[in-house]
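One structure is given below, encoded as structure tokens.
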Amino acid sequence: MTISSGLAMSWQEWRNHDAVGLAELVRARQVAPKELCAQAAEAVTRIDPQIEAVLGLYDDVLADPDADRPNGEGLLYGVPILLKDLGSGLAGRRQESGSKLFKDHTVEATDPLVDYYLRAGLIPIGRSTTPEFGMTFDTATEYLERAKVTAIPGSWNGHQAALLEVRRVFRRRRVHPHPCVVLRFGRAQSDAGPRTAAAFPE
């Protein structure tokens, strides 16, 4: 299924599969978990400079999807996900709760919810943004000394905004994010689809 770009599949194929469909491809040995993680990482690379919804990817997991011991027999084994940078954490991984007070904080014990993810076979490949302690209406990253600060919805944090944008482009099935808009510098953008569409040529 590998295509000339080096990715596991075309973006057309990618958008025709939800998490269940991707896991089925893994079980059928039509694609490897490492290839799915690489494709997800490429999607982040293409989109995140515009929407700033991802704080970072786990390079060791991209190299070895089994690094955090996801259950190889789980129904969703091989499917990459992002962990919210708040609340439920993964042992040994950074979690800063969107706050300078917790900058560089490392989780000591895996939260039961994340353990359920791993037992299902899901593969955390990085972490997504969150409002400071989940309590504000925007998501700022100036504490990370980034050059640009983007405010995005606080109700379901940054990756839900990203999911909404990607869904507008991909029209994925079985994905129903809460309605929200992307806010940039105080201006609401209710439809940012063209920006993400350009990142995924057919």
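It should be emphasised that the depicted structure is a prediction, and the values quoted were computed from it without experimental measurement. FYI, side chains are in, hydrogens and waters are out, and symmetry mates aren't considered; it's all heavy atoms of this structure.
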**OP:** Taking only Lys NZ, Arg NE, NH1 and NH2, and the carboxylate oxygens of Asp or Glu, determine whether D85 and R93 approach each other closer than 4.0 Å.
**Re:** no

Subject >> P65 side chain near I125 side chain, heavy-atom distance below 4.5 Å >> reply: no

**OP:** Run the numbers on F102 and E132 for side chain to side chain contact (heavy atoms under 4.5 Å, CB included), then give the verdict.
**Re:** CA-CA 10 Å; F102 281 84; E132 187 168 17; over 6 Å; no

Original post:
Got V31 and L36 here, is their nearest side-chain heavy-atom distance under 4.5 Å?
Top reply: yes

Original post:
When you look at V79 and L122, which way does the side chain to side chain contact (heavy atoms under 4.5 Å, CB included) test go after all the steps?
Top reply: CA-CA 5 Å; V79 177; L122 293 168; 3.8 Å; yes

**OP:** Write down the atom of T130, the atom of S97, and the distance for their closest heavy-atom approach.
**Re:** CG2-C, 3.8 Å

Original post:
So, do V61 and D66 sit near enough that their side-chain heavy atoms are less than 4.5 Å apart?
Top reply: no

Original post:
Just by distance, do the side chain of R27 and the backbone of L75 share a donor-acceptor pair under 3.5 Å?
Top reply: yes

Original post:
Between D18 and G21, is there a donor-acceptor pair closer than 3.5 Å when you use the side chain of the first and the backbone of the second?
Top reply: yes

Original post:
What do the steps show when you test T129 against V54 for side chain to side chain contact (heavy atoms under 4.5 Å, CB included), and what is the final call?
Top reply: CA-CA 6 Å; T129 57; V54 179; over 6 Å; no

Subject >> Side-chain donor or acceptor of T110 paired with backbone N/O of A91 under 3.5 Å >> reply: yes

Original post:
Is the closest side-chain heavy-atom distance between C37 and I123 below 4.5 Å?
Top reply: yes

Original post:
Should we say atom CG of L118 is surrounded by more than 12 heavy atoms from elsewhere, each under 6.0 Å from it?
Top reply: yes

Original post:
So do the side chains of Y77 and V26 get within less than 4.5 Å of each other, counting heavy atoms only?
Top reply: yes

Subject >> Validation row: I81, L83 side chains within 4.5 angstrom (heavy atoms) >> reply: yes

Original post:
Does a donor on one side chain sit under 3.5 Å from an acceptor on the other, for Y117 and D111?
Top reply: no

Subject >> Pairing residues for R94 by the side-chain contact (heavy atoms from CB on, under 4.5 Å) criterion, not counting sequence neighbours >> reply: E96, D104, R127

**OP:** Answer yes or no: is there a side-chain heavy-atom contact under 4.5 Å between L90 and V107?
**Re:** no

Original post:
Do the side chains of L22 and M9 get nearer than 4.5 Å, heavy atoms only?
Top reply: yes

